[in-house]
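Contents: one structure, followed by commentary.
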Protein chains: 2
Amino acid sequence: MSGDVGDPGLKLDSYLPYRLSVASNAVSGLIARAYEDRFALTVPQWRLLCVLAEDGRLSQVQIVARTVMDKVTVSRAAQGLVKRRLIGRSQNTSDGRSHVLTLTPEGRGLHAEIAPLALAYEAALIAGLAPEEVTLLKRLLGRLQSAAGQLAGEAPSSPSLR
Amino acid sequence: MSGDVGDPGLKLDSYLPYRLSVASNAVSGLIARAYEDRFALTVPQWRLLCVLAEDGRLSQVQIVARTVMDKVTVSRAAQGLVKRRLIGRSQNTSDGRSHVLTLTPEGRGLHAEIAPLALAYEAALIAGLAPEEVTLLKRLLGRLQSAAGQLAGEAPSSPSLR
DNA sequence: CTGCATTAATTAGATACCTAACTAATTATG
DNA sequence: CATAATTAGTTAGGTATCTAATTAATGCAG
């Protein structure tokens, strides 16, 4: 607390990327542990179950575009889910490279079982927040995400990305 | 096979832990790349430089308490910084186990060099946000963090949660 | 029809992180 | 004062993730 600091403008506790990372790690760790302990699912696997439950049939590239996960992460998550018979893969008749992923009945059942738990966690996390605060929070997170994406895409220091 | 979705209440895009994770990954990735590319610093190393620049002399346990990093992460970050002569370690005379970390002049200089860049990134990220939105965002992130900590069974990690 | 670039997906290697186990120094307790 | 219990810090092992390189299928130019 002694004030002899050369950079009064940079305080870690009020630095937004730091606050965002710490909060996200706390929340993600909580959720990840819940899925892992009770259902032996990783977070990427759970996300696959969610998007397939929402959208029906998707290829892996579509999942990569839909979520913001790496294609390797999606590939590994899909392998694990196929092995547990929670999703199925069928050949895409029009494109021999891509496989279409769908939930099996077991996968659908597991998703239906976990979804209330996931919503309960979310409800517990935002219990102290007003609904309009939650709405604003989500909007602000979206703005930060797109701002980060733009800044990363501009690549001020490296004009050649290949 | 239209949208036969059993859980209209769980939409991934509006699920807060997901939004938080995606936004944090985007921002962290941007920042991490900047530190890594230009200064060969990992994020934990940068955080050590920051807290030492702010607080002066700290032991590793104090840094663990101050930031929310794991002690292993702190240990390795400190090793790398010592090797580059950016921080120094001195024996604590009153406790032979603990070492006191301080910035070297080089470390202080590097911190002073990076800090404006870090602040510029933050400014670019929040460029489209009103100041009161930023304030609210930080407060909401703090609330989520402490809520997650409580749900995980921990005590609130830092007494200075404002 | 044939090469050439692109795309979907997997595999491999390197790095980072977390949980545990471990060493060494300190404190508490009998 | 001896010994057990804590604490500071490091090392090790397993796992997850990112970057690159690879395989296989598609589309396009000549």
Side-chain angles (χ1 to χ4, degrees), chain A residues 21-22 24-26 28-33 35-37 40-48 57-83 87-101 152 155 158 160-162, chain B residues 21-22 24-26 28-37 40-48 57-83 87-101 152-154:
Chain A
S21 171
V22 168
S24 175
N25 285 343
S28 289
L30 174 72
I31 302 282
R33 183 155 312 170
Y35 296 159
E36 178 71 29
D37 287 352
L41 285 178
T42 66
V43 167
Q45 286 176 339
W46 167 241
R47 287 185 184 168
L48 256 70
R57 307 164 51 80
L58 292 174
S59 69
Q60 293 185 189
V61 272
Q62 288 175 313
I63 293 176
V64 166
R66 177 77 162 70
T67 65
V68 191
M69 296 188 285
D70 189 78
K71 63 178 178 176
V72 178
T73 305
V74 170
S75 176
R76 290 248 163 79
Q79 287 174 11
L81 293 175
V82 167
K83 204 166 295 178
I87 66 174
R89 334 176 53 180
S90 53
Q91 284 282 345
N92 186 341
T93 52
S94 64
D95 188 334
R97 296 168 296 182
S98 88
H99 307 263
V100 177
L101 306 182
S158 65
S160 67
L161 286 174
R162 292 185 55 120
Chain B
S21 172
V22 168
S24 175
N25 285 343
S28 290
L30 174 71
I31 303 282
R33 179 154 308 181
Y35 297 159
E36 178 72 28
D37 287 352
L41 285 178
T42 66
V43 168
Q45 287 176 337
W46 167 242
R47 286 183 184 170
L48 256 70
R57 307 164 51 78
L58 292 174
S59 69
Q60 295 186 188
V61 273
Q62 288 175 314
I63 293 176
V64 166
R66 176 79 163 66
T67 66
V68 191
M69 297 188 284
D70 189 78
K71 64 177 180 177
V72 177
T73 305
V74 170
S75 174
R76 280 217 265 266
Q79 287 174 13
L81 293 175
V82 167
K83 204 165 296 178
I87 66 174
R89 332 176 56 179
S90 54
Q91 284 282 345
N92 185 342
T93 53
S94 65
D95 188 335
R97 296 167 297 182
S98 89
H99 307 263
V100 178
L101 306 183
E154 296 177 4

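Only this structure's heavy atoms are used, side chains among them; waters, hydrogens and symmetry mates stay out. Naming: A, B, ... by sequence-line order, numbering from 1 per chain.
Residues A:N25 and A:V74 each lie close to DNA chain C; by heavy-atom proximity, the contact nearer the 5' end of the strand is made by A:V74. Of the two residues contacting DNA chain D, namely A:K71 and A:G96, the nearest-nucleotide position lying further toward the 5' end is that of A:K71.
Considering CD of B:Q60 and NZ of B:K71, their distance stands at 10.5 Å, rounded to 0.5 Å.
The shortest side-chain heavy-atom distance between A:I63 and A:L101 falls under the 4.5 Å cut-off.
Taking each heavy atom of A:A78 and A:I87 in turn, the nearest pair found is O-CD1, 3.8 Å. The minimum heavy-atom distance between A:Q91 and A:G96, with the atom names listed, is OE1-O, 3.5 Å.
Looking at the side chain of A:V61, the nearest of the listed nucleotides D:dC18, C:dA9, C:dA25 is C:dA9. Listed nucleotides: C:dT19, C:dA9, C:dT11. Nearest to the side chain of A:V72: C:dT11. Comparing D:dT17, C:dA9, C:dA25 against the side chain of A:T73 picks out D:dT17 as the nearest. Nearest to the side-chain atoms of B:R89 among the listed nucleotides D:dT17, C:dA9, D:dG9 stands D:dG9.
The shortest distance between the side-chain N/O atoms of A:S98 and the OP1/OP2 oxygens of C:dT7 is not below 4.0 Å. Contact annotation: B:S75 does not reach the phosphate of D:dG9 (side-chain N/O to OP1 or OP2, under 4.0 Å). For C:dA12, neither phosphate oxygen OP1 nor OP2 lies less than 4.0 angstrom from any side-chain nitrogen or oxygen of A:R76. Put simply, B:Q79 has a side-chain N or O that comes within less than 4.0 Å of OP1 or OP2 on D:dT11.
The side-chain contact (heavy atoms from CB on, under 4.5 Å) test with A:Q45 singles out one residue from A:L81, A:V74, A:T73, and that residue is A:L81.
Atom CZ of A:R33 and atom P of D:dT15 are 16 Å apart (whole Å). When rounded to the nearest whole Å, the span between CG of A:D95 and P of C:dT6 equals 17 Å. Separating the CE atom of B:M69 from the C1' atom of D:dA8 is a distance of 16 Å, rounded to the nearest angstrom. In this structure, the NE2 atom of A:H99 is 10 Å from the C1' atom of D:dA24, given to the nearest Å. Here D:dT23 presents its P atom at 19 Å from CD of A:Q60, a figure rounded to the nearest Å. The CG-C1' distance, from B:L101 to D:dT10, rounds to 14 Å in whole Å. Between the P atom of D:dA8 and the CD1 atom of B:I63 lies a distance of 13 Å, rounded to the nearest Å. What separates CD of B:E36 from C1' of C:dA14 is a distance of 13 Å, to the nearest Å.
At a cut-off of 3.5 angstrom, counting only N and O atoms as typed in the model, there is no donor on one side facing an acceptor on the other between the side-chain of B:R97 and the base of C:dT26.
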